[in-house]
Amino acid sequence: MNREPATPDLVAVRDDFRALEGYHSAQVDVDVRLNTNESPFAPPPAWLDDYRAQLADLAWNRYPDRAATELRAAIAGWHGVDVGQVFAANGSNEVLQTLLLAYAGPGRTVVVFEPTYQMHAQIARITGATVVAGQRNEDFTLDIDEVRQVVTEAQPAVTFVCSPNNPTGMVESPEVLDAVVETAPGLVVVDEAYAQFSSWSALERVAEDRPLVVTRTFSKTWSMAAARLGYLVGPSWVVAQLEKVVLPYHLDAAKQLAGRLALRYVDDMERRVSQLVEERGRVTVGLSDLGVEVFPSGANFVLFRLADHDAVAVWKSLVDQGVLVRDCSGWGRLDGCLRVTIGLPAENDRFLAALAIALDVAPARSTGATR
Ligand SMILES: *Cc1c(COP(=O)(O)O)cnc(C)c1O
């Protein structure tokens with residue numbers, strides 16, 4: 001992975017692809033993997049039994065239900081919306097890609113507020129759109145005056161809000177979200193990959209006469225990252241456009257079944273979420289006790305900043321001790337920052353113990369610019 005190809009390109013790639021880098025997240029084989037915000041829990045055993053049993057009854061020789069009607073109806077029922085207001089795809093990343101193919105593309109502008117989830121800008125650029133990045137405040141909150149200024153100037157076709165925001169963990173308030181929807185001229189996309197871990201969701205703002213969509217995923221809360229399933233809830237006129245973009249039968253029958261059955265286990269999912277929220281509190285306290293700056297999080301991860309240590313050396317020491325977290329220290333405005341996913345209690349203990357050792361052995365941060 002991520003290695004230079006052995007043979008140079010024989011055919012030139014699209015001009016605008018030359019400066020593009022792919023998405024990189026280390027997949028290192030360690031005991032404790034706390035770097036990609038998955039659920040640490042296996043799915044409920046009863047879900048797996050149901051799934052196994054019903055897989056046998058799938059019409060394997062036939063294409064799947066192209067409209068994923070039953071899955072969408074189950075999602076719509078859960079959220080109390082119309083089935084025509086739900087669109088499902090292979091992970092919320094494919095939902096985002098489909099949205100951007102329909103509403104962004106060449107000659108159009110997409111606005112993001114940094115630091116935020118890198119794939120929003122990445123996918124927008126792949127569709128040929130221009131990306132304009134506004135900046136969050138020093139504490140990573142979203143400033144409405146900055147939003148107003150950026151969207152007034154850029155006139156974006158799509159404006160992204162990520163709540164809770166990855167990688168900072170911050171949840172946007174209803175007031176901020178309403179102001180964004182009022183100010184932005186195009187479609188507002190609220191990426192809620194982590195919404196179940198927070199106290200407020202923009203789902204309640206979705207309406208036919210409001211250009212707002214909310215994207216969700218089964219990867220983070222549903223213990224189903226391996227299955228790749230995500231969806232959005234939004235006005236039916238948006239869903240109708242997205243259906244023109246996706247490939248025929250893009251969502252396979254096994255996955256439609258997996259998602260439909262998962263929704264029978266909402267109680268289990270919610271129990272797991274509350275366990276992780278409790279652990280998040282414990283990890284936050286543990287980090288503060290180690291004298292580390294912690295950013296408040298409404299997600300299943302915590303961003304923290306090492307003011308006095310070389311963050312890359314700390315990250316390496318953690319890996320040496322069998323604990324993998326995300327090194328964000330090279331990303332814009334995240335100097336000295338690492339992000340840890342909340343795991344099982346024993347994993348979180350291992351992380352905190354390893355970090356205490358890493359802070360002892362890692363060199364102090366050199367003063368002056370290092371990057
Ligand atoms: C993980 C993540 C996603 C990706 O979700 P998939 O459904 O696995 O594609 C989308 N948005 C944010 C903010 C994420 O952190």
Side-chain angles (χ1 to χ4, degrees), residues 22-27 33-40 43 68 71 75 86-101 110-124 126 133 136 140 142 158-172 177 188-198 201-203 213-234 242 246 250-252 255-256 258-259 262-263 269 273 276 280 295 297-303 325-326 328 331 334 337 339-343:
Y23 176 82
H24 302 296
S25 184
Q27 287 199 308
R33 280 169 52 178
L34 302 175
N35 69 325
T36 38
N37 303 341
E38 296 126 315
S39 171
L71 170 65
I75 294 169
V86 175
F87 170 80
N90 295 286
S92 62
N93 278 326
E94 194 187 43
V95 175
L96 299 173
Q97 185 186 52
T98 312
L99 272 169
L100 289 166
L101 284 168
V110 173
V111 162
V112 299
F113 294 93
E114 303 277 11
T116 192
Y117 187 52
Q118 294 174 323
M119 290 308 293
H120 298 156
Q122 170 84 1
I123 302 171
I126 290 171
R136 287 165 181 272
F140 300 138
L142 206 52
V158 178
T159 299
F160 276 103
V161 176
C162 191
S163 179
N165 185 36
N166 182 6
T168 65
M170 207 137 298
V171 182
E172 301 307 343
L177 184 77
V188 175
V189 179
V190 186
D191 184 334
E192 287 200 345
Y194 304 96
Q196 283 103 326
F197 299 102
S198 82
S201 164
L203 272 177
V213 301
V214 175
T215 65
R216 291 277 184 106
T217 175
F218 280 73
S219 298
K220 311 287 162 59
T221 34
W222 286 96
S223 303
M224 276 178 55
R228 312 299 303 122
L229 180 60
Y231 63 95
L232 72 70
V233 177
L242 302 184
V246 281
H250 71 295
L251 211 57
D252 68 76
K255 180 174 325 196
Q256 293 185 30
L263 289 168
M269 183 274 283
V273 166
L276 292 172
R280 180 180 74 204
F295 295 93
S297 170
N300 67 338
F301 58 81
V302 176
L303 184 77
V325 302
R326 194 73 187 265
C328 309
W331 304 1
L334 296 180
C337 289
R339 189 195 69 194
V340 61
T341 303
I342 305 302

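Indexing begins at 1, ligand by ligand and atom by atom, following the structure's order.
- Residue contact check for ligand 1: Met119 places no non-hydrogen atom closer than 4.0 Å to it.
- Relative to atom 8 (O) of ligand 1, the option among Arg228, Gln118, Met224 with the closest non-hydrogen atom is Arg228.
- Close contacts between ligand 1 and Asn166 involve ligand atoms 13 (C), 14 (C), 15 (O) [criterion: under 4.0 Å to a heavy atom].
- Not a single heavy atom of Gly230 sits closer than 4.0 Å to an atom of ligand 1.
- Looking at atom 14 (C) of ligand 1, its nearest protein heavy atom turns out to be Lys220 NZ, 3.2 Å.
- Using a 4.0 Å cut-off between heavy atoms, Phe218 makes no contact with ligand 1 at all.
- With respect to atom 15 (O) of ligand 1, the closest heavy atom belonging to the protein is Tyr194 OH, 2.6 Å.
- For Asn90 (side chain) and His250 (main-chain N/O), a donor-acceptor pair under 3.5 Å exists by modelled atom type.
- No donor-acceptor contact under 3.5 angstrom links the side chains of Glu38 and Thr341, judged on distance only.
- Residue-ligand proximity, Ser219 to ligand 1, at heavy-atom distances under 4.0 Å covers atoms 6 (P), 7 (O), 8 (O).
- Of the N and O atoms on the side chains of Asp191 and His120, at least one donor lies less than 3.5 Å from an acceptor on the other residue.
- Contact annotation: for Cys162 versus ligand 1, heavy atoms closer than 4.0 Å belong to the side chain alone.
- When Leu96, Asp191, Thr215 are ranked by how near their heavy atoms come to atom 13 (C) of ligand 1, first place goes to Asp191.
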Practice item. Might you work through the ring-ring contact (aromatic ring centres under 6.0 Å, His included) test for Phe140 and Phe295, ending with a clear yes or no? Key: CA-CA 9 Å; Phe140 300 138; Phe295 295 93; 5.0 Å; yes

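- With respect to atom 10 (C) of ligand 1, the closest heavy atom belonging to the protein is Ser92 OG, 3.3 Å.
- Remark: Arg339 is positioned above the aromatic ring of Phe301, its terminal NZ or CZ atom under 6.0 angstrom from the ring centre and at most 45 degrees off the axis.
- For the side-chain contact (heavy atoms from CB on, under 4.5 Å) criterion with Leu232, the lone passing option out of Val86, Val214, Leu99 is Leu99.
- Between Tyr194 and Phe197, the ring planes are tilted. Angles from 30° to 60° get that label.
- Glu114 and Thr116 are not linked by any side-chain donor-acceptor pair at a separation below 3.5 angstrom, with hydrogens and angles left out of the test.
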